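Report on one structure; see the data block that follows.
Just so we're on the same page: letters track the sequence lines, and every chain starts at 1. These figures come from a predicted structure and were not determined experimentally.
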2 protein chains.
Amino acid sequence: MARTTGSDGEKTEAAVREAAVGLIARLGYEAMSMRLLAAEVGVQAAALYRYFPTKEDLLFTLMREHMEGLLKAWDAARPAGADPVARLAAYVENHIAFHIARRSATHVSNMELRSLSHDRLTLILKQRTAYEKELRAILRDGAENGVFAIDDIGLTAMALIQMMTGVIVWFRPGERLSIGEVTTSYLSMTMRLVGATISQGTARPSGRARDVVAL
Amino acid sequence: MARTTGSDGEKTEAAVREAAVGLIARLGYEAMSMRLLAAEVGVQAAALYRYFPTKEDLLFTLMREHMEGLLKAWDAARPAGADPVARLAAYVENHIAFHIARRSATHVSNMELRSLSHDRLTLILKQRTAYEKELRAILRDGAENGVFAIDDIGLTAMALIQMMTGVIVWFRPGERLSIGEVTTSYLSMTMRLVGATISQGTARPSGRARDVVAL
């Protein structure tokens, strides 16, 4: 039986999360059982319940940490200045890089909201709203300063987020385009979509997007 | 036991499809059983197998008919003329109207590709490619005629399709915006994204989009 204290315990817990994301992405949450998950990790089912007392605790933890990670990544990527174009470019770069690196977790987070209890769903939706609010603030600042031409801030934010997250559906590393090339193209489409009145040069990926390619 | 011939049989088959889409959208394909589906429809499990010999036959039928319906709807909506702006506007209107009317079937079609056998997956992917090819042809014509400014036809097609299909995630009839208003906004964003060099007037929804609102 797996030990549950110290670094072995942490390793087991990390293995459980990783296996759970993979199984839920492949089978769906309803079809995944704790017994199947235990077999995948190579522990007794009873061991799982020390980390996650219920299957829904596990799902909720995965989703909450996914959103916490996204909000944290955006906090780190957010530029210091107030320029809406630079902030929007950073948001796009961070969003694409974060989700491409977490394809299965993104599928789970988007598809299994249906399986959360009401209170937990509310909590996850609050996190999502906080993240989308950051984009709406950038779009609103740009529109108010006459840098962007936007009809509907809310619709534009949803359209951009779904367009960007959609990258994970078709993007495969090592095919026609690198992450950097995809990001450059999406930045250019984003800036056109929001009617940015800037030279395309400003919208090129920063050093950060290029770093991602090298990972 | 349900009769399987004549109009009663057709009604039963239609009820099976509708219940299956709802159950798969809610639970996932793996977690849906033929027994559960039979209970939902109010027939014996054995009756289902007359229409769909296996659970995968059922899933494949739902997905194939979803894509056939989309291709047929586009054939009916496609404008007679060659103008890329009018064709792109018609594509956007048709795509949004079709998917908003089929939210659960769209979820099933997008999420359960993983559950199809190789040959059937190939067939569905061929249908998707045929549909996306229509959009790429419009974008290419527009770019070649200098009406659109597009960096990458393939990426732009994927970005547009995912942006548009994303409407089903958040759109609810009877809330802030009507389908017509959403479509107008998405048309405007689409035309900007492809760098259309036309007055916004051309990109307003046609009578067809307004009809959809009245349904």
Begin from the C-alpha positions of A:Glu13 and A:Val16 and carry the test side chain to side chain contact (heavy atoms under 4.5 Å, CB included) through to its verdict.
CA-CA 5 Å; A:Glu13 195 175 339; A:Val16 169; 5.5 Å; no

Which answer fits A:Tyr186, side chain, backbone, both or neither, if we ask what part of it has an atom under 4.5 Å from a heavy atom of chain B?
side chain

Max heavy-atom pairs within cutoff under 4.5 Å with chain B, candidates A:Ile150, A:Thr156, A:Asn110, goes to A:Thr156

Verify whether one side chain among B:Ser188 and A:Asp151 offers a donor that lies under 3.5 Å from an acceptor in the other.
yes

For B:Leu177, is it the side chain, the backbone, both, or neither that has a heavy atom closer than 4.5 Å to a heavy atom of chain A?
side chain

Relative to chain B, which of A:Gly154, A:Gly28, A:Gly166 shows the most heavy atom pairs under 4.5 Å?
A:Gly166

Which heavy atom of B:Leu59 sits nearest a heavy atom of B:Val108, and at what distance?
CD1-CG1, 4.0 Å

Parallel, tilted or perpendicular for B:His99 and B:His95, by the 30°/60° rule?
tilted

Against chain B, work out which of A:Arg26, A:Met164, A:Arg114, A:Met163 has the most heavy-atom pairs shorter than 4.5 Å and name it.
A:Arg114

Which atoms of A:Ile24 approach chain B - backbone, side chain, both or neither, heavy atom under 4.5 Å:
backbone

Heavy-atom distance under 4.5 Å to chain B: side chain of A:Ile161, backbone, both or neither?
neither

Name the orientation class of the two ring planes belonging to B:Tyr91 and B:Tyr131 (parallel below 30°, tilted from 30 to 60°, perpendicular beyond 60°).
parallel

Please give me the minimum heavy-atom distance between B:Leu187 and B:Ala89, naming the atom from each residue.
CD2-CA, 3.5 Å

Answer with side chain, backbone, both or neither: which region of B:Thr165 has an atom nearer than 4.5 Å to a non-hydrogen atom of chain A?
neither

Where does A:Ser115 contact chain B at under 4.5 Å (heavy atoms): side chain, backbone, both or neither?
neither

May I ask you to name which of B:Met32, B:Arg176, B:Glu112 has the most heavy-atom pairs under 4.5 Å with chain A?
B:Arg176

Between A:Thr122 and A:Asp119, a side-chain donor and acceptor under 3.5 Å
no

